[in-house]
Amino acid sequence: MPAVRNISLVAISTVAIAVAASCDGSRATSPTDLANTIRSETSHFQSQADATSAGYALASPCVSNPGVGGMGFHWVNGALVDSIFDPHKPEAVIYGADGKQLLAVEYIVINAGQPAPTFEGQPFDVGGAPLPVPHWTLHVWVHLANPSGLFNAWNPSVVCPG
């Protein structure tokens, strides 16, 4: 499935921009055990230079949805975008409006006919973005609390400039 691994960063970045504003994610605001582990494992991405050295590249402007919140800047590692969900290897790391503060991770899993992934029981959002293949995504706010829920795509605490 090499073609799936070569999806362009431009196409992947549209995942973040086109996520439906109506998805409420989980209202859970307390990190799960796995979320705490992911926070620890991704804490070394405190700078974009660290993300770059790990294969991530800027894939979106600061994404926001007026009245709902924002997501921030998505840095995607295209080599990780495939049909395998590995919670220890998030496909995207997300930085705040200043472009520097690490906020969250995002998982992007291509649907190749396997069962839908879950993160400790939290189902992923179904596609919703104009990618050339079916997929699932899930934001996990492990570095910035999200009053709308740990897994909600939009965080009202994130405001993009401009």
Side-chain angles (χ1 to χ4, degrees), residues 1 4-5 7 9 11-46 50-51 54-56 59-60 63-65 67-96 101-159:
M1 197 176 320
V4 173
R5 287 188 176 276
I7 294 173
L9 290 179
I12 293 169
S13 70
T14 61
V15 169
I17 296 167
V19 171
S22 62
C23 55
D24 71 356
S26 171
R27 299 299 289 180
T29 55
S30 299
T32 65
D33 289 342
L34 182 55
N36 285 327
T37 298
I38 301 309
R39 177 187 303 114
S40 176
E41 291 176 353
T42 58
S43 64
H44 66 281
F45 291 122
Q46 291 302 318
D50 294 328
Y56 292 85
S60 78
V63 178
S64 65
N65 186 350
V68 180
M71 293 181 189
F73 293 93
H74 292 69
W75 286 64
V76 175
N77 183 332
L80 296 176
V81 179
D82 57 22
S83 61
I84 299 166
F85 169 55
D86 181 345
H88 305 285
K89 295 180 181 177
E91 287 77 9
V93 290
I94 303 172
Y95 291 92
Q101 179 188 6
L102 182 60
L103 307 178
V105 299
E106 181 177 8
Y107 298 98
I108 305 165
V109 178
I110 303 303
N111 178 349
Q114 78 277 29
T118 63
F119 186 103
E120 286 196 330
Q122 173 65 39
F124 280 45
D125 299 319
V126 175
L131 286 178
V133 295
H135 61 280
W136 297 282
T137 62
L138 184 68
H139 287 78
V140 186
W141 295 89
V142 293
H143 295 281
L144 176 70
N146 184 349
S148 297
L150 179 66
F151 302 107
N152 193 301
W154 303 102
N155 187 329
S157 301
V158 176
V159 178

(request) Identify the two heavy atoms, one from W141 and one from A153, that lie closest to each other, and give their separation to 0.1 Å. (result) CZ2-O, 3.5 Å
(request) Please name the pair of heavy atoms, one in F119 and one in F124, separated by the smallest distance, quoted to 0.1 Å. (result) N-CE1, 4.0 Å
(request) State, yes or no, whether a side-chain contact exists between H135 and I110 at a heavy-atom distance under 4.5 Å. (result) yes
(request) For residues H143 and I38, determine if any side-chain heavy atom of one lies less than 4.5 Å from a side-chain heavy atom of the other. (result) no
(message) Pair H139, F151 - check side-chain contact (heavy atoms from CB on, under 4.5 Å), show working.
(response) CA-CA 5 Å; H139 287 78; F151 302 107; over 6 Å; no
(message) Within this structure, what is the CH2-CG distance for the pair W154 and N146, rounded to the nearest 0.5 Å?
(response) 11.5 Å
(request) Evaluate the side-chain contact (heavy atoms from CB on, under 4.5 Å) criterion for residues K89 and V105: first the C-alpha distance (whole Å), next the side-chain angles of each, then the deciding distance (0.1 Å), finally the verdict. (result) CA-CA 9 Å; K89 295 180 181 177; V105 299; over 6 Å; no
(request) Quick one: closest heavy-atom pair of V76 and A59, and the distance? (result) CG2-CB, 3.7 Å
(message) Main chain of E120, side chain of Q122: is a donor-acceptor contact present, judged purely on distance under 3.5 Å?
(response) no
(request) Assess whether side-chain contact (heavy atoms from CB on, under 4.5 Å) is satisfied between L103 and F73, documenting all intermediate values. (result) CA-CA 9 Å; L103 307 178; F73 293 93; over 6 Å; no
(request) Mind listing the closest non-hydrogen atom pair of P90 and T42 along with its distance? (result) CG-CG2, 4.0 Å
(request) Please round to the nearest 0.5 Å and tell me the distance separating atom CZ of R39 and atom OG1 of T32. (result) 9.0 Å
(request) Could you check if a side-chain atom of Q101 sits within less than 4.5 angstrom of a side-chain atom of Y95, using non-hydrogen atoms only? (result) no
(message) I'd like to know if the side chain of E106 reaches the main chain of H74, judged simply by a donor and an acceptor atom lying under 3.5 Å from each other, with no hydrogens or angles considered.
(response) no
(message) Measuring from atom CG of D82 to atom CG of L80, what distance do you get when rounded to the nearest 0.5 angstrom?
(response) 7.0 Å
(request) Give the minimum heavy-atom separation between A145 and N155, together with the two atoms involved. (result) O-ND2, 3.2 Å
(message) Would you say that F45 contacts Y56 through its side chain, given a criterion of any heavy-atom pair below 4.5 Å between the two side chains?
(response) yes
(request) Look up atom CG in D125 and atom CG in N152, then write down how far apart they are to the nearest 0.5 Å. (result) 8.5 Å
(request) For the pair T37 (side chain) and D33 (backbone), establish whether a donor and an acceptor sit closer than 3.5 Å, ignoring hydrogens and angles. (result) yes
(message) Could you check whether any side-chain heavy atom of V140 comes within less than 4.5 Å of a side-chain heavy atom of L150, counting everything from C-beta outward?
(response) yes
(message) My understanding is that only one of T137, V81, N77 makes a side chain to side chain contact (heavy atoms under 4.5 Å, CB included) with E91; could you say which?
(response) V81
(message) Tell me the closest heavy-atom pair linking V142 and A35, and the distance in Å.
(response) CG1-O, 3.5 Å
